[in-house]
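Just so it is clear, the values below take in all heavy atoms, side chains as well, and ignore hydrogens, waters and symmetry mates.
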Amino acid sequence: MSFLPIILMFVVLYFLMIRPQMKRQKEQRSMMDALAKNDEVITSGGVLGKVTKVTDAYVTIEVAEDTEIVVQKVAITMLLPKGTIKAL
């Protein structure tokens, strides 16, 4: 009976912290796997650009006309809706 509070705390911790974090990691992984040419993305450094080439570990992003940078896939934080960059 003395272990009941400890078990209850673990259950609450699981549902409030561990489970949502695992869900976010799964969504991030599926987003990285779904990256394709002409997708508009934001990197972890805040750079906006359009994907021009995708390899296993790296993505080439066009940040301006005739200006491309190569970043790791894990640096992509968000996939933007089409036309977002032109609207800015």
Side-chain angles (χ1 to χ4, degrees):
M1 199 61 153
S2 65
F3 289 113
L4 186 62
I6 294 172
I7 293 171
L8 184 62
M9 284 181 9
F10 180 75
V11 170
V12 169
L13 178 73
Y14 175 77
F15 281 107
L16 292 179
M17 294 181 70
I18 297 171
R19 191 167 177 248
Q21 182 180 7
M22 289 174 28
K23 184 178 178 185
R24 273 194 304 270
Q25 286 176 343
K26 185 177 178 182
E27 289 171 356
Q28 181 77 12
R29 194 175 319 114
S30 67
M31 187 261 312
M32 280 191 265
D33 292 338
L35 279 178
K37 189 175 179 179
N38 293 327
D39 284 344
E40 295 178 0
V41 296
I42 297 178
T43 66
S44 59
V47 177
L48 279 76
K50 186 180 283 191
V51 176
T52 58
K53 182 180 174 186
V54 179
T55 61
D56 289 337
Y58 296 97
V59 176
T60 304
I61 300 173
E62 182 179 33
V63 293
E65 194 170 321
D66 297 327
T67 306
E68 294 182 342
I69 59 173
V70 178
V71 297
Q72 291 181 331
K73 271 189 174 181
V74 295
I76 305 296
T77 57
M78 188 182 299
L79 190 61
L80 299 172
K82 301 278 186 194
T84 302
I85 294 176
K86 286 185 180 181
L88 298 175

Salt bridge (charged side-chain N to carboxylate O under 4.0 Å, His left out): pairs with one or both residues in residues 7-18, sequence neighbours excluded: none

Which salt bridge (charged side-chain N to carboxylate O under 4.0 Å, His left out) pairs, counting each pair once, include a residue from residues 43-52, with sequence neighbours left out?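 Pairs touching residues 43-52 that pass the test: none.
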
Please list, chain by chain and in numerical order, all residues satisfying side-chain contact (heavy atoms from CB on, under 4.5 Å) with T77, sequence neighbours excluded.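 Per chain and number, T77 pairs via side-chain contact (heavy atoms from CB on, under 4.5 Å) with I42, S44.
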
Show me the donor-acceptor pairs within less than 3.5 Å that the side chains of residues 54-72 make with the rest of the protein, sequence neighbours left out.
from	atom 1	to	atom 2	distance (Å)
T55	OG1	Y58	N	3.2
T55	OG1	Y58	O	2.9
E68	OE2	T52	OG1	3.4

Can you get from V47 to V41 by hopping between Ile, Leu, Val, Met, Phe, Trp and Tyr side chains that sit under 4.5 Å apart? yes

Table please: side-chain donor-acceptor pairs of residues 8-36 below 3.5 Å, with sequence neighbours left out.
from	atom 1	to	atom 2	distance (Å)
Q28	NE2	I76	O	2.8
S30	OG	K26	O	3.4
S30	OG	E27	O	2.9

With a cut-off of 3.5 Å and sequence neighbours excluded, list every side-chain donor-acceptor pair involving residues 80-88.
from	atom 1	to	atom 2	distance (Å)
K82	NZ	N38	O	3.0
K82	NZ	D39	OD1	3.2
T84	OG1	P81	O	2.6

